[in-house]
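For reference, the structure is listed below as structure tokens.
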Amino acid sequence: METKYISVDAGHPDEEAMQIAADLIAAGELVAFPTETVYGLGGNALDPTASARIYAAKGRPSDNPLIVHIAEYSDLLRVGKQVPEDAKKLADAFWPGPLTMIVQKSDEVPYATTGGLDTVAVRMPNHAVALELIKRSGCLIAAPSANTSGRPSPTEGAHVREDLSGKIAMILDAGPVGIGIESTIIDLTEDTPMVLRPGYITPAMLSKVLGKEVIIDPGIIAADDTRKPKAPGMKYKHYAPKGNLVLVEGATEAVIAEINRRTSRNRIEGKRTIVIATEETKSRYEADTVLSIGEREDEESIARHLYGILRTCDSLDAQEIYSESFATPKMGQAIMNRLLKAAGHEVIRVSE
């Protein structure tokens, strides 16, 4: 398959390009497009064949649910059989934006889209290209991240082309995304709302809007592959570079010493090593390559650069990759969730 690759302005996308993309979606084809979080791989969410094509293009396990992207709140009422009042409160506060809500699905949503579940994950993206594509296509769009399953999510159009060129009909490239990690997912089907995937919108922010406790699924940090996933990314290893990624946690001096010790050993063994560090510590490492993810205090920058850095590790043929821990106050849980999954939960904890 020849993949059309068209660049558009993020704020004011070209109408002709958008119509071509919309017509492809309506015809059951797949189109990659930008959102404020990462690039999504879109297909008609209510067409089981389109959903099956998404799974096939990504090499994604079919029990890993897809997120339905909408452009109007009324569409949530269409795909949700039971939509609690909490959903309206959260939509008023955070939509359009990086929040996905899980509700009981209506009969209109095929099980091919929900991974066989009776629930559906829904969000309204905060990106002009994404919203225009949904509206023009006349479809609700199922859209996981536009990458090969398990690889780092795409934050630029070039990342999508690297993974999916020749497998999908079209890529809409609107430049780098703004946030860089996937949306927060909250499950509203239980008595107590539960965050199933951390993101830019934190549990504290959700609790403030709802006026009650929002709990966090314990599987967010734990390595638990035994449960049927209720949300994208819960069960399978994700975001992984090709090299072996290990996280090193502890006091700064001890982390630097441990990584340098391992780097020295790797050099003797002839292994190419890359270290992911911050601006504050990058000069203190002795690896073949040190990649700065940004200043430690700028957690939004860390999140925005994370997947791009993991892909850079691949382009540099890294065999061993060591990363500092980034337990920042607001987005730290979301960042560490992605890193832990990318590392297959391989963590070295060091003390002074």
(message) Quick check for you: to the nearest 0.5 Å, what is the distance between Thr100 atom OG1 and Asp187 atom CG?
(response) 12.0 Å
(request) Of all the heavy-atom pairs spanning Ile70 and Leu131, show the shortest one and how long it is. (result) O-CD2, 4.1 Å
(message) I'd like to know if the side chain of Ser264 reaches the main chain of Asn260, judged simply by a donor and an acceptor atom lying under 3.5 Å from each other, with no hydrogens or angles considered.
(response) no
(message) Just so I know, are the side chains of Ile102 and Val122 near enough to count as touching, which here means a heavy-atom distance under 4.5 Å?
(response) no
(message) Please check: side-chain N/O of Glu36 versus main-chain N/O of Pro125, any donor-acceptor pairing under 3.5 Å?
(response) no
(request) Could you tell me which residues satisfy ring-ring contact (aromatic ring centres under 6.0 Å, His included) with Phe326, sequence neighbours excluded, listed by chain and number? (result) none
(request) Please determine if Asp163 and Arg151 form a salt bridge, counting it only when a charged side-chain N lies under 4.0 Å from a carboxylate O. (result) yes
(message) Which residue in the set Arg338, Arg123, Arg197 passes salt bridge (charged side-chain N to carboxylate O under 4.0 Å, His left out) when paired with Glu182?
(response) Arg338
(message) Show the nearest heavy-atom pair for residues His127 and Ala174, with the distance to one decimal.
(response) CE1-CB, 4.2 Å
(message) Whether the side chain of Thr114 engages the backbone of Pro65 through a donor-acceptor N/O pair (distance < 3.5 Å, no angle test) should be reported.
(response) no
Per-pair distances, 0.1 Å, donor-acceptor, side chain in residues 18-34, under 3.5 Å, sequence neighbours excluded:
residue, atom, partner, partner atom, Å
Gln19, OE1, Arg136, NH1, 2.6
Gln19, NE2, Asp23, OD1, 2.9

(request) Report whether Ile171 and Ile134 are members of the same hydrophobic cluster (ILVMFWY, side-chain heavy atoms less than 4.5 Å apart, transitive linking). (result) no
(request) Mind checking side chain to side chain contact (heavy atoms under 4.5 Å, CB included) for Ala287 and listing every partner two or more places apart, or none if nothing turns up? (result) Thr263, Thr273, Val275, Val290
(message) Looking at Asn266, is its backbone amide N or carbonyl O close enough to the side chain of Arg272 to form a donor-acceptor pair, meaning the two atoms are under 3.5 Å apart?
(response) no
(message) Would you say NZ of Lys89 has more than 12 non-hydrogen atoms from neighbouring residues, nucleotides or ligands within 6.0 angstrom?
(response) yes
(request) Taking salt bridge (Lys or Arg N to Asp or Glu O under 4.0 Å) as the test, write out the residues that go with Lys330, two or more places apart. (result) none
(message) With no hydrogens and no angle check, just 3.5 Å: does a side-chain donor-acceptor pair link Thr37 and Ser183?
(response) no
(message) Using a 6.0 Å cut-off, check whether atom CG of Asp107 has over 12 heavy atoms from anything other than its own residue.
(response) no
(request) Look at atom CD of Glu279 and say whether more than 12 heavy atoms of other residues, nucleotides or ligands are closer to it than 6.0 Å. (result) yes
Which donor-acceptor pairs under 3.5 Å do side chains of residues 200-210 form with protein atoms, sequence neighbours excluded?
residue, atom, partner, partner atom, Å
Tyr200, OH, Glu300, OE2, 3.4
Thr202, OG1, Met205, N, 3.3
Ser207, OG, Pro203, O, 3.0
Ser207, OG, Lys212, O, 3.4
Ser207, OG, Val214, N, 3.1

(request) Hey, could you give me the CD1/CG distance between Ile54 and Asp47, rounded to the nearest 0.5 Å? (result) 9.5 Å
(request) Just grab all the salt bridge (Lys or Arg N to Asp or Glu O under 4.0 Å) pairs involving residues 251-264, residues at least two apart or on different chains. (result) Glu253-Arg284, Glu258-Arg261, Glu258-Arg262
(message) Could you check whether any side-chain N or O of Lys58 sits under 3.5 Å from a backbone N or O of Asn147, counting only pairs where one atom can act as donor and the other as acceptor?
(response) yes
(request) Might you point out which heavy atoms bring Ile293 and Ile309 nearest each other, and give the distance in Å? (result) CA-CD1, 3.5 Å
(request) For residues 257-312, pull every pair meeting ring pair (Phe, Tyr, Trp, His ring centres under 6.0 Å), keeping only residues two or more places apart or in separate chains. (result) Tyr239-Tyr307
(message) Could you measure the distance from the CD1 atom of Ile348 to the OG atom of Ser323? Nearest 0.5 Å is fine.
(response) 11.5 Å
(request) For Val120 and Val79, work out which heavy atoms get closest and say how close. (result) CG1-O, 3.7 Å
(request) Please say whether more than 12 non-hydrogen atoms of neighbouring residues, nucleotides or ligands are located less than 6.0 Å from CD in Glu2. (result) no
(request) Examine the side chains of Ser301 and Glu295 and answer whether a donor and an acceptor come within less than 3.5 Å of each other. (result) no
(message) Applying side chain to side chain donor-acceptor pair (under 3.5 Å), can you list everything that pairs with Arg161, at least two apart in sequence or on another chain?
(response) none
(request) Find the distance between OG1 (Thr192) and CD (Glu190) and round it off to the nearest 0.5 Å. (result) 8.5 Å
(request) Please examine the side chains of Cys139 and Leu46, heavy atoms only from C-beta on, and report whether any two atoms are closer than 4.5 Å. (result) no
(request) Find out whether Ile274 and Leu291 are in side-chain contact, i.e. whether some heavy atom of one side chain is under 4.5 Å from a heavy atom of the other. (result) yes
(request) Kindly write out the residues that satisfy salt bridge (Lys or Arg N to Asp or Glu O under 4.0 Å) with Arg349, not counting sequence neighbours, or none if the list is empty. (result) Glu249
(request) Keeping to residues at least two apart or across chains, list the side-chain hydrogen bond (donor to acceptor under 3.5 Å, both in side chains) pairs with something in residues 164-180. (result) Tyr5-Asp173, Tyr39-Asp173
(request) Could you pull out all residues at least two apart from Glu156 that satisfy side chain to side chain contact (heavy atoms under 4.5 Å, CB included)? (result) His159, Pro176
(request) Decide yes or no for Leu196 and Met194: does some side-chain heavy atom of the first lie under 4.5 Å from some side-chain heavy atom of the second? (result) yes
(message) As an exercise, state the distance from CG of Leu140 to CG of Leu76, rounded to the nearest 0.5 Å.
(response) 10.5 Å
(message) Can a side-chain donor-acceptor contact be found between Thr312 and Ser315 if the only test is distance below 3.5 angstrom?
(response) no
(request) Heavy atoms only: give me the nearest Ser351-Ala254 pair and the separation to one decimal. (result) O-CB, 3.5 Å
(request) State, with a plain yes or no, whether a side-chain heavy atom of Asn337 is found less than 4.5 Å away from one of Leu339. (result) no
(message) Under 4.0 Å between a side-chain nitrogen and a carboxylate oxygen: does that hold for Glu286 and Arg267?
(response) no
(message) Any heavy-atom pair between the side chains of Glu346 and Leu247 that's under 4.5 Å?
(response) no
(message) According to side-chain hydrogen bond (donor to acceptor under 3.5 Å, both in side chains), does anything in residues 70-81 pair up with another residue at least two apart or in another chain? List the pairs.
(response) Arg78-Glu108
(request) Return yes when atom CD of Glu15 has more than 12 non-hydrogen atoms of other residues, nucleotides or ligands closer than 6.0 Å, and no otherwise. (result) no
(request) Check the pair Glu320 / Asn244 against side chain to side chain donor-acceptor pair (under 3.5 Å), numbers first and verdict last. (result) CA-CA 5 Å; Glu320 299 290 334; Asn244 181 50; 3.1 Å; yes
(message) So Thr281 and Thr252, do their side chains get closer than 4.5 Å, heavy atoms only?
(response) yes
(message) For Ala240 versus Pro152, what's the shortest heavy-atom pair and its separation?
(response) O-CD, 3.2 Å
(request) Ignoring hydrogens and angles, state whether a donor on the side chain of Gln104 or Thr119 is under 3.5 Å from an acceptor on the partner side chain. (result) no
(request) Apply the test side-chain contact (heavy atoms from CB on, under 4.5 Å) to residues Ile141 and Val68: give CA-CA distance (whole Å), side-chain angles for both, the deciding distance (0.1 Å), then the verdict. (result) CA-CA 6 Å; Ile141 296 181; Val68 177; over 6 Å; no
(request) Report yes or no: does Asp314 contribute a side-chain atom to a donor-acceptor pair with the main-chain N or O of Lys242 at less than 3.5 Å? (result) yes
(message) Less than 4.5 Å apart, side chain to side chain, heavy atoms only: is that true for Pro193 and Ile215?
(response) no
